[in-house]
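These notes are about the structure you will find just below.
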Amino acid sequence: MILFFLLLGEEDTSRVIVHIDVDCFYAQVEMIRDPSLRDKPLGIQQKYIVVTCNYVARKHGVTKLMGIKQAKELCPELVLVKGEDLTHYREMSYRITVTLQKFSPLVERLGFDENFVDVTETVDARLKSTFSPQLNGHIFPEMEIEGTYERHKRLACGSQIAAEMRQALHSDLGITCCAGIAHNKLLAKLVAGQHKPNQQTSLLPGGVGKLMGTLKTARNIPGIGSRTFKRLQTLGISTVQDLQDAPADVLQAEFGSQTAQVMQQLCRGVDPSPVTPTGPPQTISDEDSFKKCASLQDAKERMTGLLQSLMKRLKGDGRFPHVLRVTVRKLSASNKWTNRESRQCAIPSHLFGTGAEETISKLLDLCVVLFCKMVDVNHPFHLTLINICFAKLEARS
DNA sequence: ATGGATGAG
DNA sequence: CATTCTCATCCAT
């Protein structure tokens, strides 16, 4: 059956994909850690920025990535919790993924606070038993259609599973989230945002055009970032409609046939990409940004701090890295963005055999070598960020 | 394999 | 625009 419309170039609408998007994730973790924060306006602070905030704070006009100063002006009562150490967020993030894996092994993480789950198999298994489920939560578009449940049994079943997932996250972890249910990842993610917070929305197949129409520009399509959008604008393309109507050969000339086709599929709500189960992380990194680092001594102290926290994480992970990478950001008047430089080297495998203190000292020596390939320490320099990354993580052999 | 560009939250 | 602190993929070399 599926083979037919695949051969005809039609899409597969038989999958059922759930997108789980945790409400104001960092703020929720802090409110769980300290319930007295629940009814107060709360912002999570990294350096001079509020990276996210709870809904009480949003009521006062505080938004993501707002400067501390402006946020305090809008909301003098705002409680700020430092969130530069991601340990608690990372731990809760993986607990969420593990909880979702009880419903299906096909769970793909997106950042710390979003997961895609392919529940097609679960839906098929449930529909073999006789009962016919009611659709749980909102539907998009929100209009009453005769026979909605009968004609969309699989979607309704998916919405029941999504509700069970959200219940499990709430009772096991105390976490609230939104869910989107649709026949592909793109649509599940987009429809999840229709009713926030702590609600869920299912997309009827007939509502795809209308959902894509809610996007203000093509920039709002996941996968089309700021750079790609600028290039599209160069071609006179900015809205989703522009992209749908654009001649294929014009797009191909700018982006190549592969990328051009993917973009034009996405803007029509077509996304054949599978839910790819996320394994353990491929890299473990730690970074710090600052106003100024101008001496090797200072850099060594900062890198030592990063290495110490990385070693703790490595112990929890159980694997060992075979590559070390150091990244710096240099202050530069022009090109203030996209200016990170990195150097990497192999880690001799004997290095993790001895005590932690000795290991850190040897790693620091390697970091200094890499650092000096990017920074001439005999001349004045001005760094604003240092990152250390462990890569090629493998079980000990 | 390396390092940069670009994407995600 | 990035800003924070991550993590992933793609591409030219």
Side-chain angles (χ1 to χ4, degrees), chain A residues 19-28 43-53 63-71 80-91 93-94 96-97 108-116 177-178 185-186 189 192-193 219-231 233 255-256 258-259 262-263 266 273 276 278-291 306 309-310 313 317 322-329 331-332 334-346 370 373-374 384-393:
Chain A
H19 181 252
I20 298 288
D21 187 344
V22 179
D23 304 325
C24 53
F25 180 49
Y26 290 4
Q28 261 206 271
I44 306 305
Q45 176 176 193
Q46 287 174 342
K47 296 300 176 324
Y48 60 95
I49 282 191
V50 178
V51 292
T52 192
C53 60
T63 64
K64 294 178 182 184
L65 301 182
M66 180 177 275
I68 295 292
K69 194 176 164 186
Q70 192 191 348
L80 292 171
V81 171
K82 287 270 206 222
E84 286 150 18
D85 182 343
L86 304 188
T87 303
H88 297 300
Y89 311 140
R90 188 154 39 223
E91 286 174 359
S93 175
Y94 278 99
I96 288 167
T97 298
E108 179 179 340
R109 295 164 52 79
L110 183 60
F112 279 8
D113 67 339
E114 297 184 16
N115 289 270
F116 293 101
C177 64
C178 289
K185 290 202 291 180
L186 198 227
K189 179 177 167 65
R219 175 67 181 82
N220 299 127
I221 296 171
I224 299 185
S226 57
R227 297 303 171 129
T228 303
F229 185 60
K230 281 202 168 180
R231 289 167 70 184
Q233 284 182 305
F255 297 98
Q258 177 73 37
T259 308
V262 169
M263 284 195 311
L266 288 178
S273 70
T276 304
T278 306
Q282 298 171 18
T283 59
I284 294 179
S285 68
D286 219 322
E287 72 183 40
D288 194 11
S289 65
F290 31 77
K291 278 283 159 336
L306 295 175
S309 92
L310 280 173
R313 283 216 268 152
D317 183 274
H322 292 337
V323 165
L324 175 69
R325 178 157 58 239
V326 175
T327 302
V328 301
R329 184 177 63 196
L331 184 72
S332 58
S334 62
N335 231 23
K336 193 183 185 326
W337 52 94
T338 307
N339 59 345
R340 284 154 93 107
E341 285 177 56
S342 70
R343 294 291 183 273
Q344 66 182 235
C345 68
L370 296 171
K373 292 187 181 191
M374 297 180 282
T384 61
L385 176 142
I386 300 179
N387 176 106
I388 298 180
C389 177
F390 286 142
K392 282 210 174 56
L393 269 2

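Sequence lines set the chain letters: A, B, ... in the order given, protein chains first and strands last, and positions in each chain run from 1. What you are looking at is a predicted structure, and each value in this text was computed from that prediction instead of being measured.
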Inset, instruction - For Thr278(A) and Arg109(A), indicate whether the former's side chain and the latter's backbone hold a donor-acceptor pair under 3.5 Å. - result: yes
Legend entry - Under 3.5 Å donor-acceptor, Glu114(A) side chain and His19(A) backbone: no
So which nucleotide from [options] ends up closest to the side chain of [X]?
{"X": "Lys47(A)", "options": "dT2(B), dG4(B), dC5(C)", "result": "dC5(C)"}
{"X": "Leu110(A)", "options": "dC7(C), dG9(B), dC1(C)", "result": "dG9(B)"}
{"X": "Arg227(A)", "options": "dC5(C), dT6(B), dC7(C)", "result": "dT6(B)"}
{"X": "Glu287(A)", "options": "dA1(B), dT6(C), dC7(C)", "result": "dT6(C)"}
{"X": "Leu86(A)", "options": "dC5(C), dT2(B), dT3(C)", "result": "dC5(C)"}
{"X": "Ile49(A)", "options": "dT3(C), dG9(B), dA8(C)", "result": "dT3(C)"}
{"X": "Gln282(A)", "options": "dC5(C), dG3(B), dT9(C)", "result": "dT9(C)"}
{"X": "Lys392(A)", "options": "dT3(C), dA8(C), dT2(B)", "result": "dT2(B)"}
{"X": "Ser289(A)", "options": "dG7(B), dT4(C), dA1(B)", "result": "dT4(C)"}
{"X": "Thr228(A)", "options": "dC7(C), dT6(B), dG3(B)", "result": "dT6(B)"}

Tell me: [atom1] of [X] to [atom2] of [N], nearest whole Å?
{"X": "Gln258(A)", "N": "dC10(C)", "atom1": "CD", "atom2": "P", "result": "10 Å"}
{"X": "Asn220(A)", "N": "dG7(B)", "atom1": "CG", "atom2": "P", "result": "14 Å"}
{"X": "Ile68(A)", "N": "dT4(C)", "atom1": "CD1", "atom2": "P", "result": "12 Å"}
{"X": "Ile386(A)", "N": "dC5(C)", "atom1": "CD1", "atom2": "C1'", "result": "15 Å"}
{"X": "Asp113(A)", "N": "dA8(B)", "atom1": "CG", "atom2": "P", "result": "14 Å"}
{"X": "Asp286(A)", "N": "dT6(C)", "atom1": "CG", "atom2": "C1'", "result": "9 Å"}
{"X": "Lys230(A)", "N": "dG7(B)", "atom1": "NZ", "atom2": "P", "result": "11 Å"}
{"X": "Lys189(A)", "N": "dA8(B)", "atom1": "NZ", "atom2": "C1'", "result": "8 Å"}

Inset, instruction - Tell me whether the OP1 or OP2 atom of dG4(B) has a side-chain N or O from Ser342(A) closer than 4.0 Å. - result: yes
With a non-hydrogen cut-off below 4.0 angstrom, is [X] in contact with a base, only sugar-phosphate, or nothing?
{"X": "Gly83(A)", "result": "nothing"}
{"X": "Arg343(A)", "result": "sugar-phosphate"}
{"X": "Asn387(A)", "result": "nothing"}
{"X": "Ser226(A)", "result": "sugar-phosphate"}
{"X": "Gln45(A)", "result": "nothing"}
{"X": "Lys82(A)", "result": "nothing"}
{"X": "Arg325(A)", "result": "nothing"}
{"X": "Arg231(A)", "result": "nothing"}
{"X": "Phe25(A)", "result": "nothing"}

Legend entry - Minimum-distance pair of heavy atoms, taken over all atoms of Gln46(A) and Gly83(A): NE2-O, 2.9 Å
Legend entry - Side-chain heavy-atom pair Phe255(A), Thr228(A) within 4.5 angstrom cut-off: yes
Inset, instruction - Please examine the side chains of Asn339(A) and Arg329(A), heavy atoms only from C-beta on, and report whether any two atoms are closer than 4.5 Å. - result: yes
Inset, instruction - On DNA chain C, check which nucleotide each of Arg219(A) and Ile284(A) is closest to and give me the residue with the more 5' one. - result: Arg219(A)
Inset, instruction - Report the distance from atom CD1 of Ile68(A) to atom NZ of Lys47(A), rounding to the nearest 0.5 Å. - result: 12.0 Å
Inset, instruction - Considering only NZ, NE, NH1 and NH2 on the basic side and carboxylate oxygens on the acidic side, decide whether Asp85(A) and Arg90(A) come within less than 4.0 Å. - result: no
